[in-house]
Number of protein chains: 2
Amino acid sequence: MKVTLSALDTYETSFTPLVVIELAQDVKEETKEWLKNRIIAKKKDGGAQLLFRPLLNKHEKETLGSDNLYLVGASRVRLLLGAEALGLVKESVDGTMRTFTYSTRGSFRGFHDDNDDFLTMTECQFIVKHELENLRARDEKMIPGYPQAKLYPGKSLLRRLLTSGIVVQVFPLHDREALKKLEDSWYTRFSLHCQPIDRIRGYFGETVALYFGFLEYFTFALIPMAVIGLPYYLFVWEDYDKYVVFASFNLLWSTVILEVWKRSCADMTYRWGTLLMKRQFEEPRPGFHGVLGVNPVTGREEPLYPSYKRQLRIYLVSLPFVCLCLCLSLHIMMIYFDLEDWALRVHEESSTEWTGVLLYVPSVIYAIVIEIMNRLYRYAAEFLTAWENHRLESAYQNHLVLKVLVFNFLNCFASLFYIAFVLKDMKLLGQSLATLLITSQIINQIAESLLPYWLQKKHSVKVKRKVQALKVDIDATFYEQVVLEKEMSTYLGTFDDYLELFLQFGYVSLFSCVYPLAAAFAVLNNFTEVNSDALKMCRVFKRPFSEPSASIGVWQLAFETMSVIAVVTNCALIGMSPQVNAVFPDSKTELVLIVVVVEHVLLALKFILAFAIPDKPRHIQMKLARLEFESLEALKQQDLRDVTGSG
Amino acid sequence: MKVTLSALDTYETSFTPLVVIELAQDVKEETKEWLKNRIIAKKKDGGAQLLFRPLLNKHEKETLGSDNLYLVGASRVRLLLGAEALGLVKESVDGTMRTFTYSTRGSFRGFHDDNDDFLTMTECQFIVKHELENLRARDEKMIPGYPQAKLYPGKSLLRRLLTSGIVVQVFPLHDREALKKLEDSWYTRFSLHCQPIDRIRGYFGETVALYFGFLEYFTFALIPMAVIGLPYYLFVWEDYDKYVVFASFNLLWSTVILEVWKRSCADMTYRWGTLLMKRQFEEPRPGFHGVLGVNPVTGREEPLYPSYKRQLRIYLVSLPFVCLCLCLSLHIMMIYFDLEDWALRVHEESSTEWTGVLLYVPSVIYAIVIEIMNRLYRYAAEFLTAWENHRLESAYQNHLVLKVLVFNFLNCFASLFYIAFVLKDMKLLGQSLATLLITSQIINQIAESLLPYWLQKKHSVKVKRKVQALKVDIDATFYEQVVLEKEMSTYLGTFDDYLELFLQFGYVSLFSCVYPLAAAFAVLNNFTEVNSDALKMCRVFKRPFSEPSASIGVWQLAFETMSVIAVVTNCALIGMSPQVNAVFPDSKTELVLIVVVVEHVLLALKFILAFAIPDKPRHIQMKLARLEFESLEALKQQDLRDVTGSG
């Protein structure tokens with residue numbers, strides 16, 4: 001039994017609001033009417049065929065006096081058809097994952113015609129977002145009432161509305177009840193069980209769930225390093241052999257954990273269906289601009305921007321700017337060392353308790369300056385990358401990640417490299433490492449979660465008071481929720497969270513043999529980080545739209561690169577250590593040669609390990625092979641039918 | 001207009017023989033009859049629906065007295081349907097590459113209903129081979145007349161016939177006329193034009209064409225290195241700076257050429273359609289055996305062999321054996337150095353012209369011994385890899401390549417490493433390198449092409465005489481051709497040819513800064529290698545079945561690995577050279593550190609270069625994106641049709 005799109009009733013009685021659209025305050029009635037009509041119009045008339053109503057009815061509007069919030073929902077069948085259009089992958093009754101189609105809906109696990117749980121609320125919101133974004137201009141030359149907001153056939157209306165400021169924001173609503181349940185099983189009661197990753201995925205989508213999955217995995221993976229590192233610190237083991245054993249273990253271990261992560265990631269994303277989901281054709285990103293032309297791939301009219309101009313901007317502006325910032329960072333590092341010297345001189349000249357404290361002041365100041373510089377640079381990088389005018393969101397993200405990673409890497413680790421390889425002061429290195437690690441972790445926890453949570457809490461009390469002050473006779477709970485969520489800050493993606501983990505991984509692995517306690521600190525931090533990040537997701541930010549993803553993407557590469565660099569630094573540190581130097585009292589050159597050989601062997605081992613451990617577990621490989629085989633067979637059957645059917 | 005398979009006439013009047021099947025001498029009539037029936041039976045009756053006849057008619061059989069050769073052909077429509085089943089990709093009228101289907105045949109460039117050139121003869125032979133291999137057992141329990149040749153439903157008949165020795169071989173026929181044309185444009189007239197790669201592909205298939213393409217590309221890519229290396233050798237430039245410049249150029253150049261090759265390879269294989277061709281589901285390789293069970297991927301009955309048993313064989317037998325062989329190789333190397341020492345002593349004690357020649361004898365002997373060991377080891381590796389019982393031909397190939405590469409690498413380069421880094425005798429290194437390179441090139445050219453060509457020529461004269469001696473009144477040209485080709489040796493794939501190039505690349509790149517003339521020798525050798533390999537393909541071997549491939553596969557990785565190792569060795573060599581040592585007279589350690597830093601920077605640069613150069617040229621990327629977009633759009637259209645069509 002198939003259902004046509006045109007058979008759907010756009011005005012169903014049961015309206016579950018999924019997504020909120022906030023318009024600017026002074027939008028013309030004409031525009032509102034047009035937008036409403038486009039959203040509720042039937043698919044065949046070029047509409048989105050969704051449900052749409054203002055947040056407040058006429059009576060409430062008069063009382064509360066604001067009418068720029070609208071709710072979007074969709075009928076059940078519309079959502080199922082949307083799921084098919086998106087190519088969502090679901091588990092079928094026979095246990096395999098298959099692309100959902102409406103006509104075969106009966107063969108999927110958990111599907112009944114009267115069951116509303118088949119699609120999670122997150123999936124429904126993602127579908128609504130996709131449908132809204134795919135609402136395209138037909139013959140309109142501009143947005144009615146706004147002649148400056150130009151349109152051309154095929155342009156996404158929502159993107160134009162957003163860029164011209166008519167729509168302020170579009171965000172999915174929280175589900176208070178589900179959120180409460182999620183929080184209970186996640187972080188409010190402290191216990192040592194694992195996170196409910198599948199539930200997190202159900203509520204926040206795959207990208208967020210993968211981040212929390214990675215955070216948990218990474219924390220547990222660091223425990224062996226922390227445990228092995230502890231006695232080295234406690235008993236001040238500094239024998240030559242124990243030293244080398246620890247470093248070698250760390251280096252190979254970090255390769256193994258990164259490879260094994262790929263496997264468990266494939267396991268998870270297979271279960272979630274995103275491993276099999278086909279990539280949709282990517283639209284130009286919202287900020288992209290250019291001269292109207294014909295896209296050679298799609299054959300459709302859209303803005304084009306010549307690639308050579310982008311290359312010029314990248315190589316003539318962005319690259320020099322990044323280099324300049326790197327130099328500045330190095331310069332500030334040198335100032336830090338001057339300060340450090342000065343503090344040491346003061347301490348030596350008149351050694352009191354106060355000058356003892358003064359010794360730590362430059363490090364703390366430097367750690368704070370680094371954090372500030374990282375944040376400032378981040379804005380500059382975002383501006384520059386947007387100005388480079390990349391057509392695709394993914395290209396934009398890659399260029400941004402590259403810029404930010406290089407700078408943050410240098411900013412955070414340059415001073416450590418300087419201490420290690422120029423000053424060759426291992427004691428200072430351990431001390432600086434500890435200061436940097438601990439300071440940055442504390443700053444992050446405060447700046448990222450606790451401070452926003454506190455602000456949010458304060459704001460929320462204010463809004464509640466305001467709503468209560470109105471003393472209206474209407475049920476304002478839902479109104480209050482929408483207004484509260486509207487004011488919450490927007491979650492900007494997992495970038496900063498991954499970046500934090502990445503830098504932490506650097507602190508742990510780059511100089512692990514000098515400061516074996518780093519892993520233990522990282523583990524401790526991450527146990528609280530899980531909770532503060534969870535708090536942030538649930539209480540501080542607007543609910544984010546889910547983002548299907550099959551892996552942690554470019555971060556896998558970043559972590560692997562870091563673990564390669566770690567081999568180099570650790571070998572160099574061991575080679576420079578007095579313990580190892582004592583073994584080769586006569587021939588420094590021989591020592592260096594041996595260290596270099598060991599380093600190359602370790603690097604080769606790493607690459608062989610990475611090559612030898614399959615990226616996907618065997619059972620996933622088999623399932624993927626089976627799906628591929630089935631589709632090939634189906635194709636053959638179809639060909640045979642085509643050929644014999646009409647001969 | 002569609003044609004059903006059943007409408008094809010199996011006995012067409014125009015019979016173009018494509019493939020020869022040679023049966024064993026004493027095959028029972030019953031079996032022959034059964035085989036013939038299965039081959040000519042209609043597709044719907046489980047046959048291959050091909051044309052099949054004995055090489056000799058009754059009259060000729062009586063005269064010539066042999067009847068174990070059969071010819072297989074196919075009607076034109078059958079071939080086109082086979083091309084569709086294989087998923088061949090052809091250029092359509094609008095210039096894009098599309099998967100061929102019979103129903104859309106009119107939209108492909110060069111297709112007319114009365115045109116026989118649309119499929120090349122190679123493609124036709126490949127289709128026939130595919131159809132023969134896909135001829136599967138239905139309810140037969142054994143091959144009629146051979147109770148020991150067991151069958152089970154779905155087993156490929158041809159593979160069982162081959163493994164039980166009933167069919168001796170199956171090979172495609174040469175096309176004398178086309179071969180003559182190809183030879184004329186390829187190698188018989190020496191000139192400096194490029195090879196006719198597209199024609200080679202048309203005659204021998206993609207794998208062979210890619211090898212010759214790579215050989216040519218690689219030769220031209222080596223020319224800059226040869227040209228820059230020449231003055232270093234002629235004017236004995238050994239200044240510090242020139243030295244370093246040469247090595248750095250070589251290292252970056254080798255990365256660039258390997259990356260650019262990927263691009264031109266994608267260019268070629270897009271034009272040939274193999275870049276887009278979907279991988280077919282892989283059958284178990286002929287030698288694979290196991291207990292009959294159900295394949296979890298296909299759900300079909302086939303022999304299964306537990307993975308852990310294979311792993312045990314690999315790690316408990318193959319790996320120790322390979323290590324043993326590596327030790328043996330090192331041991332023989334030590335003997336060589338003893339011999340070398342002895343020769344030097346003799347020369348020093350009584351220096352005559354004869355002892356001067358004697359100095360070169362150990363190297364020559366060693367080079368010959370290396371070649372012999374490589375060949376012996378090759379047999380052992382093939383035996384072991386077959387015994388490991390891999391299910392797929394590709395897994396077998398990968399394990400074989402890995403085994404052979406590791407051994408050959410050590411065997412060929414161990415002595416050079418020993419001289420370079422243990423003896424530290426740069427003069428001897430240059431001398432050994434030259435001897436090894438030149439000896440192995442001469443041996444290869446003789447053993448690979450000239451000797452077989454001479455033997456083949458002798459044999460061919462013998463056969464011709466024998467046929468003429470029969471003095472029969474029939475036209476024996478075609479009979480003579482088949483009998484001659486039947487006796488030719490079988491081309492075993494491009495493995496040995498690539499291996500030779502790989503080792504040559506090692507000689508050129510690993511120690512390039514010690515012997516800058518190596519590249520020039522390699523270029524000279526490759527110019528003749530093209531000709532002798534071409535001779536070998538056209539005259540010495542049976543025509544091989546074509547093998548669609550989209551790249552040079554594992555060899556790309558092997559060459560890239562070699563170029564990484566080359567960075568390490570060259571940096572080490574420069575660090576050890578007296579010229580560079582003279583710059584740092586006081587601090588050896590500082591020198592080593594600088595060398596290590598430079599090495600790491602070069603390695604990082606290599607990886608960045610490899611990352612920054614896209615693997616496919618922009619226009620190919622665009623075309624692939626367009627195809628993907630079209631298929632997504634088609635899917636959407638189909639969904640919409642499905643949904644609205646029957647609502």
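Throughout, a chain's letter reflects where its sequence line sits, starting with A, and its residues are numbered from 1.
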So, the part of Val564(A) with a heavy atom under 4.5 Å from chain B: the answer is neither
Tested for side chain to side chain contact (heavy atoms under 4.5 Å, CB included) against Pro296(A), the lone hit among Arg626(B), Met622(B), Lys623(B) is Met622(B)
Given Val592(A), Thr298(A), Asn295(A), Leu591(A), the one with more heavy-atom pairs under 4.5 angstrom with chain B than any other is Thr298(A)
Test side chain to side chain contact (heavy atoms under 4.5 Å, CB included), reference Val596(B), set Val596(A), Val568(A), Val595(A), output is Val596(A)
Is there a side-chain contact between Phe611(B) and Leu557(A), using heavy atoms and a 4.5 Å cut-off? yes
Distance col, row His600(B):NE2 vs His600(A):NE2, nearest 0.5 angstrom, shows 5.0 Å
Bottom line for Glu590(A): the part with an atom under 4.5 Å from chain B's heavy atoms is neither
